[in-house]
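As structure tokens, the structure follows; a few thoughts come after it.
For reference, positions follow the sequence shown, starting with 1. None of these values were measured; they are calculated from a predicted model.
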Amino acid sequence: MTNEELNAKLYEKMFAEQEKYREKLLAMQPEEILKHAYEYAVREDILVSLENNELENSQARALLKYARPLSLVYKEYDNRVNEYMEDIWNTVESIANQKIQA
């Protein structure tokens with residue numbers, strides 16, 4: 001299987017996983033859906049990233065071995081969110097400082 005085919009297969013698997021997650025969300029009450037909005041958005045971003053980049057053959061094969069590779073990637077990303085929150089805070093401070101100087 002070529003690199004392009006492996007990446008396409010992984011994308012399709014992760015896309016199908018996201019569709020099942022979406023269906024599960026749509027069966028929930030609106031307030032419950034909102035509790036999962038962040039996860040849904042990040043999972044969508046993971047798919048976009050996979051769509052716009054290519055993994056090496058060994059990397060794609062490694063993820064294809066998992067039943068739910070999208071969940072696996074999301075969980076790892078979610079453990080790294082501290083940097084994201086720091087970026088948000090830095091932006092809040094930066095805007096506040098800009099407005100002080102204006």
Side-chain angles (χ1 to χ4, degrees):
M1 195 175 289
T2 68
N3 182 265
E4 186 176 320
E5 291 168 333
L6 277 171
N7 277 276
K9 186 174 181 179
L10 178 61
Y11 177 82
E12 289 167 11
K13 185 173 187 175
M14 292 172 91
F15 182 84
E17 182 182 346
Q18 181 71 344
E19 285 299 301
K20 286 181 184 177
Y21 183 70
R22 182 179 182 273
E23 290 171 16
K24 178 181 160 186
L25 289 177
L26 290 175
M28 296 176 178
Q29 294 296 316
E31 285 188 25
E32 191 64 27
I33 293 171
L34 286 175
K35 292 178 185 177
H36 298 278
Y38 171 78
E39 180 176 354
Y40 181 82
V42 171
R43 290 166 61 111
E44 286 288 309
D45 287 345
I46 292 167
L47 286 173
V48 169
S49 179
L50 189 60
E51 192 174 31
N52 293 318
N53 298 283
E54 286 191 356
L55 293 170
E56 295 177 10
N57 289 357
S58 59
Q59 293 171 315
R61 282 191 184 100
L63 290 177
L64 279 166
K65 290 180 183 177
Y66 289 89
R68 298 174 55 217
L70 182 56
S71 295
L72 181 73
V73 173
Y74 170 76
K75 286 177 185 172
E76 178 62 28
Y77 174 80
D78 195 40
N79 289 332
R80 299 179 183 193
V81 166
N82 290 335
E83 294 171 15
Y84 170 78
M85 294 306 293
E86 288 176 22
D87 287 344
I88 294 222
W89 182 245
N90 289 338
T91 302
V92 170
E93 285 185 318
S94 175
I95 295 296
N97 289 336
Q98 288 174 20
K99 297 306 174 189
I100 289 170
Q101 295 175 359

- Message: Donor-acceptor pair, distance only, cut-off 3.5 Å: does the side chain of D78 make one with the backbone of Y74?
- Response: no
- Message: Between T91 and D87 (side chain of the first, backbone of the second, donor and acceptor by atom type, cut-off under 3.5 Å), is there such a pair?
- Response: yes
Report, as yes or no, whether the 6.0 Å neighbourhood of atom [atom1] on [X] holds more than 12 heavy atoms from other residues, nucleotides or ligands.
X   : atom1 : result
E56 : CD    : no
E31 : CD    : no
Q29 : CD    : no
E4  : CD    : no

- Query: What pairs with L64 under side-chain contact (heavy atoms from CB on, under 4.5 Å), at least two apart in sequence or on another chain?
  - Reply: L6, K9, L10, K13
- Task: For residues 20-30, pull every pair meeting salt bridge (Lys or Arg N to Asp or Glu O under 4.0 Å), keeping only residues two or more places apart or in separate chains.
- Result: none
- Message: Once salt bridge (charged side-chain N to carboxylate O under 4.0 Å, His left out) is applied, do any residues pair with E54, and if so which ones, sequence neighbours excluded?
- Response: none
- Message: Parallel, tilted or perpendicular, judged at 30° and 60°: which one describes the rings of Y21 and Y40?
- Response: parallel
- Euclidean distance, L70 CG relative to L50 CG, rounded to 0.5 Å: 9.0 Å
- Note on the structure: One should read off an interatomic distance between I46 CD1 and E17 CD, to the nearest 0.5 angstrom, of 9.5 Å
Who passes side chain to side chain donor-acceptor pair (under 3.5 Å) against [X], sequence neighbours left out?
X   : answer
N3  : N7, N57
R68 : S71
T2  : E5

- Task: Report yes if some heavy atom in the side chain of Q98 is under 4.5 Å from a heavy atom in the side chain of I95; otherwise report no.
- Result: yes
Applying the 4.5 Å side-chain criterion to the ILVMFWY set and letting contacts propagate, would [X] and [Y] be lumped into a single cluster?
X   : Y    : result
V48 : L55  : no
V92 : I100 : no
L34 : L26  : no
F15 : L25  : no

- Message: Would M14 and R43 count as a side chain to side chain contact (heavy atoms under 4.5 Å, CB included) here? Give the steps.
- Response: CA-CA 9 Å; M14 292 172 91; R43 290 166 61 111; over 6 Å; no
- Message: To check you understand the geometry: which heavy-atom pair defines the closest contact between Y11 and L47, and what is its length?
- Response: CE1-O, 3.5 Å
- Message: Working note: V73 + E76, criterion side chain to side chain contact (heavy atoms under 4.5 Å, CB included); need CA distance, chi angles, decisive distance, verdict.
- Response: CA-CA 5 Å; V73 173; E76 178 62 28; 5.9 Å; no
